[in-house]
J.: 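First the structure, which I've put down as C-alpha cells, then a few questions once you've had a look.
Both counts, for ligands and for their atoms, begin at 1 and track the order of listing. In this chain, numbering begins with 1 at the start of the sequence shown.
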Amino acid sequence: MAETIVPIPGPPPLPLIGNLRDIDLNNTIQSFERLAETYGPIFKLYLGGSERVFITNHELANEVLSRKDFVKKITGATEHLAKVMPEGILTATHGQESWGLTRRTLNPVFTKGAVKEMFPEMLDIASQLVLKWARFGPEEEFDVQEEFTRLSMDTIALCAMGTRFNSFYRENQAEFVQRFGDIFNEVQRRSNRPEWYTAMMWEANRLLDENIQFVRDFCAELVSERRANPADGKKNTIFDAMVNRRDPVSGKELSSSTITDNMITFLFAGHDTTSGLLSFVLAHLIMNPDAYAKLQEEVDRVLGDGAITPDHLNELHYTRACLRETLRLEPPSPGLVLMPLAEPNERAVVGGKYVIQGGQTTVVLIPTLHRDPDSFGPDADEFKPERMLEDNFKKLPKNAFKPFGNGQRSCIGNEFATQQAMMVTAILFQKFDFTFVDPDYELQYQPSLHRKAKDLYIRARLRPGVDATSLNRDLFTPATNVTRQ
Ligand code: HEM
C-alpha cells in the first residue's frame with residue numbers, strides 16, 4: 001500500500017528571518033511548548049538558516065528514540081560548545097573516535113558503586129553550604145540557584161579536576177568560574193544569532209578566545225601537575241581516572257588535551273543541571289506542603305539526627321521520587337537533538353506519515369514529553385511524587401521519562417548527579433525548614449542553555465534541636481538514635 005505522506009505543520013516562515021518572530025529568544029523552550037499547543041505532536045520551524053522538526057508527544061518521541069537510524073546531532077548551541085571543547089564527549093559527533101575512547105575509559109568511574117567512593121568529597125562541599133546557611137541564620141535571603149551553582153561547581157571541581165574553587169568562602173567568584181560562566185553565556189547568545197553578525201562582533205570574539213585560553217591553560221596545568229606528581233592521586237575520583245586509566249579496547253591513555261576538554265565538559269554538563277534540579281526540588285516542596293512533610297518524615301526516620309552515609313540513600317524512596325518528579329516537570333536539559341542517519345537526499349518517515357530528510361535537525365522536546373497525559377494521566381502538570389515511587393516508576397511507558405537523555409549518548413553523570421542531589425536534599429531537610437522570601441513566588445526560568453530557576457529566594461531556619469555550633473560535627477558523626485525525637 002502506498003504511504004500517505006502529510007506535511008509537517010508549523011507557522012509560516014518569513015523571508016530572511018524565518019520563524020524568528022514566533023519565538024521569544026529569552027525563553028525559547030517556553031515558546032516551543034506554546035507552539036506545541038497550537039501545532040500538535042510534530043511541527044517545524046525555520047531557524048538559524050535551517051529547518052528544524054520538533055517532536056513533542058510520547059508516541060512520536062518513543063518511535064524516534066527507539067529507532068537506530070536516529071542519532072545525536074551536533075548543531076546550534078552544541079556546535080558552538082564543540083569549539084570550546086573539541087574532544088569533549090558531550091559535543092562529539094556521531095562516530096567521533098575520541099568519544100568511544102573516552103567513554104570506555106571513564107564509564108567505570110561513573111557507575112553507582114564507583115560514585116559511592118566520591119561521597120566524602122560531595123559531603124565536604126555540601127557541608128560548606130549547610131554551615132553557611134546555618135550561620136547566616138533564619139533572616140538571610142538566599143538566591144537558591146546561585147547557592148546550588150556554587151555547590152555543584154565546587155563538587156565537580158573537586159571530583160573531576162582535583163581542585164577547589166572555594167566558592168562558599170568568597171564574595172566574588174574565582175577567576176576561573178567567572179571566565180567559565182562568561183564563555184557559556186556568550187555561547188548561548190551566539191546560538192541565537194546569525195553567523196555573519198557574530199563574525200562582526202570583534203570585541204566579544206576576542207574576549208571569548210581569551211576566556212577559552214585561560215580556562216584551557218588552567219585545566220592543562222592541573223593535568224601536568226598531577227602527571228608530575230602521580231602519588232597525589234590516591235583517590236578514585238573522575239580526575240584520577242582520566243589521568244590514570246587506559247581504554248580497555250585500544251590500551252591508549254587519554255591525552256592531556258582530551259582530559260582538558262572533558263574537565264570543561266563535566267563542569268559544563270554537570271553544574272547547571274544539578275543546581276537546577278536542587279533549586280526546583282526545593283521550590284516544588286515548599287509549594288507542596290504534603291510532599292514536604294512526607295519527605296521530612298522519611299529523612300528523620302532514616303537518618304535520625306546523625307550523619308548521612310551512602311547506604312542511607314537506598315532507603316530514601318520518597319526523596320528519590322521527589323527528585324524524579326522534579327526532573328519530570330523541570331527537566332534541566334530541555335531537548336534531545338537528533339537526526340536521521342540517511343543521506344540528505346534520502347528521508348525517514350515518522351509516525352507513518354511525516355517525512356524528515358536525512359541529517360535534518362529533529363528535536364525531542366523533553367518538557368512536553370514529560371507532561372504527556374497519555375503517559376502521566378490528566379494530572380500530568382501537577383507535582384505528585386507518588387507516581388515516581390519505584391513500583392509506579394517501573395510501570396511508566398518506555399521512553400516516557402528521559403531527563404538523562406537516550407541510549408549510548410545518555411548522561412554519563414546520572415549516578416553522580418543523583419547521589420549528590422539525594423545527599424544534599426536529605427541533609428537540607430534534616431537540618432532546616434524553608435520558606436519563600438516572596439510567599440506568592442511562582443516558578444520562573446532564566447534564559448540559559450539549561451533550565452534554571454529565576455528570582456528564587458528562600459529563608460532557611462534551623463529545625464528545633466539543630467544547633468549551628470555543633471552542626472559541623474553532626475554532619476560527619478553517625479546517628480546515636482535513628483528516629484528523631
Ligand atoms: C541532574 C543532573 C543532570 C541532568 C538532568 C543531565 C542530563 C543530561 C542529558 C539529557 C544528556 C544527553 C544530552 C544530549 O543528548 O545531547 C546528558 C549528557 C551528558 N552529561 Fe549529563 N546531566 C546531569 C548531570 C551531569 C553530571 C553531574 C555530569 C558530569 C559530572 C554530566 C555529564 C554529562 C556528559 C559528559 C554527557 C555527554 C554524554 C555522551 O554524549 O556520551 N551530566 N546529560
J.: Going by the order shown, which atoms of ligand 1 are within less than 4.0 Å of some heavy atom of Thr265?
T.: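 Those qualifying, in numeric order: 35 (C).
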J.: Between His58 (side chain only) and Thr368 (backbone N and O only), is there a donor and an acceptor less than 3.5 Å apart?
T.: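 No: the side chain of His58 does not pair with the backbone of Thr368.
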J.: Would you indicate which of Ser152, Gly407, Gly413 comes nearest to atom 28 (C) of ligand 1 when only heavy atoms are counted?
T.: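 Of the listed residues, Gly413 has the closest heavy atom.
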J.: Identify the protein heavy atom lying closest to atom 15 (O) of ligand 1, giving its residue, its atom name and the separation to 0.1 Å.
T.: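 Answer, as residue, atom name and distance: Leu336 CD2, 3.7 Å.
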J.: What are the atoms of ligand 1, with element, lying closer than 4.0 Å to any heavy atom of Ser333?
T.: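 The atoms of ligand 1 under 4.0 Å from a heavy atom of Ser333 are 7 (C), 8 (C), 9 (C), 10 (C).
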J.: Which ligand 1 atoms, with their elements, are less than 4.0 angstrom from a heavy-atom of Trp99?
T.: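 Taking each heavy atom of Trp99 in turn, ligand 1 has 39 (C), 40 (O), 41 (O) under 4.0 Å.
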J.: Atoms of ligand 1 less than 4.0 Å from Ser410 heavy atoms?
T.: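 It comes down to these atoms of ligand 1: 38 (C).
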J.: Just jot down the ligand 1 atoms closer than 4.0 angstrom to any heavy atom of Phe416, in number order.
T.: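 Near Phe416, the atoms of ligand 1 are 27 (C).
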J.: Please work out whether any backbone atom (N, CA, C, O) or any side-chain heavy atom from C-beta onward of Ala269 is under 4.0 Å from ligand 1, and answer side chain, backbone, both or neither.
T.: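 Looking at Ala269 and ligand 1, atoms from backbone and side chain both fall under 4.0 Å.
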J.: Any donor-acceptor pair under 3.5 Å linking the side chain of Arg409 with the backbone of Val71?
T.: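 Side chain of Arg409 to backbone of Val71: no pair is present.
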J.: Using a strict cut-off of 4.0 Å, indicate which atoms of ligand 1 neighbour a heavy atom of Arg103.
T.: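 Under 4.0 Å from Arg103, ligand 1 has these atoms: 38 (C), 39 (C), 41 (O).
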J.: Determine whether the aromatic ring centres of Tyr457 and Phe436 lie less than 6.0 Å apart.
T.: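 Centroid separation for Tyr457 and Phe436: 6.0 Å or greater.
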J.: Do the side chain of Asp124 and the main chain of Pro120 share a donor and acceptor less than 3.5 angstrom apart?
T.: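 Checked: no pair found.
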J.: Closer than 4.0 angstrom: is that true for some heavy atom of Ile89 and an atom of ligand 1?
T.: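 The answer is yes: ligand 1 sits under 4.0 Å from a heavy atom of Ile89.
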J.: Hey, mind stepping through Lys116 and Asp311 against salt bridge (charged side-chain N to carboxylate O under 4.0 Å, His left out) and telling me if it holds?
T.: CA-CA 9 Å; Lys116 214 167 152 179; Asp311 291 339; 3.6 Å; yes
J.: Return the SG to CG distance between Cys219 and Asp261, rounded to the nearest 0.5 Å.
T.: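 Going from SG on Cys219 over to CG on Asp261, the span is 9.0 Å.
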J.: Among all protein non-hydrogen atoms, which one is nearest to atom 26 (C) of ligand 1, and what is the separation to 0.1 Å?
T.: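 I find the closest protein heavy atom is Gly270 CA, 3.3 Å.
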J.: Looking only at N/O atoms, are Arg409 and ligand 1 under 3.5 Å apart anywhere?
T.: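 There is such a contact, yes.
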J.: Quick one: nearest non-hydrogen protein atom to atom 19 (C) of ligand 1, plus distance?
T.: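 I find the closest protein heavy atom is Cys411 CA, 3.7 Å.
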J.: Under a 3.5 Å distance rule, please check whether Asn406 uses its side chain to pair with a backbone N or O of Leu65 as donor and acceptor.
T.: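 Yes, the answer is positive, given that a donor and an acceptor are paired below the 3.5 Å cut-off.
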J.: Please report which non-hydrogen protein atom sits nearest to atom 34 (C) of ligand 1, along with the residue it belongs to and the distance in Å to one decimal place.
T.: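 Nearest neighbour among protein heavy atoms for atom 34 (C) of ligand 1, to 0.1 Å: Ile412 CG2, 3.8 Å.
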J.: Is the NZ or CZ atom of Arg387 both under 6.0 Å from the centre of the six-membered ring of Phe393 and within 45° of that ring's axis?
T.: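 No, cation not above the ring by the 6.0 Å, 45° rule.
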J.: Taking Ser275 as the fixed residue, which of Gln145, Glu147, His450 is the one that meets the side chain to side chain donor-acceptor pair (under 3.5 Å) rule?
T.: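 Testing each of Gln145, Glu147, His450 against Ser275, the sole residue satisfying side chain to side chain donor-acceptor pair (under 3.5 Å) is Gln145.
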J.: Please report which non-hydrogen protein atom sits nearest to atom 7 (C) of ligand 1, along with the residue it belongs to and the distance in Å to one decimal place.
T.: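 Nearest protein contact, heavy atoms only, for atom 7 (C) of ligand 1 is Pro403 O, 3.3 Å.
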J.: Are the aromatic rings of Phe383 and Phe280 close, with centres under 6.0 Å apart?
T.: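 When the ring centroids of Phe383 and Phe280 are compared, they turn out to be at least 6.0 Å apart.
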J.: Between Tyr292 and Phe429 (judged by ring centroids, cut-off 6.0 Å), do the two rings come close enough to count as a pair?
T.: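 Here the rings of Phe429 and Tyr292 have centres that are less than 6.0 Å from each other.
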J.: Among all protein heavy atoms, pick out the one at the shortest distance from atom 14 (C) of ligand 1; state its residue, atom name and that distance to 0.1 Å.
T.: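 Heavy-atom neighbour on the protein nearest atom 14 (C) of ligand 1: Lys72 NZ, 3.4 Å.
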J.: Would you say the side-chain atoms of Ser250 and Asp247 include a donor-acceptor pair closer than 3.5 Å?
T.: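 Looking only at side-chain atoms, Asp247 and Ser250 do form a donor-acceptor pair, the distance falling under 3.5 Å.
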J.: Distance to 0.1 Å, residue and atom name: give those for the protein heavy atom nearest to atom 36 (C) of ligand 1.
T.: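 In this structure, atom 36 (C) of ligand 1 has Leu90 CD1, 3.7 Å as its nearest protein heavy atom.
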J.: For atom 4 (C) of ligand 1, grab the closest protein heavy atom and report residue, atom and distance to one decimal in Å.
T.: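 Checked against all protein heavy atoms, atom 4 (C) of ligand 1 sits closest to Phe404 CE2, 3.5 Å.
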J.: Please list, in number order, the atoms of ligand 1 under 4.0 Å from a heavy atom of Phe266.
T.: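 Result: 29 (C), 35 (C).
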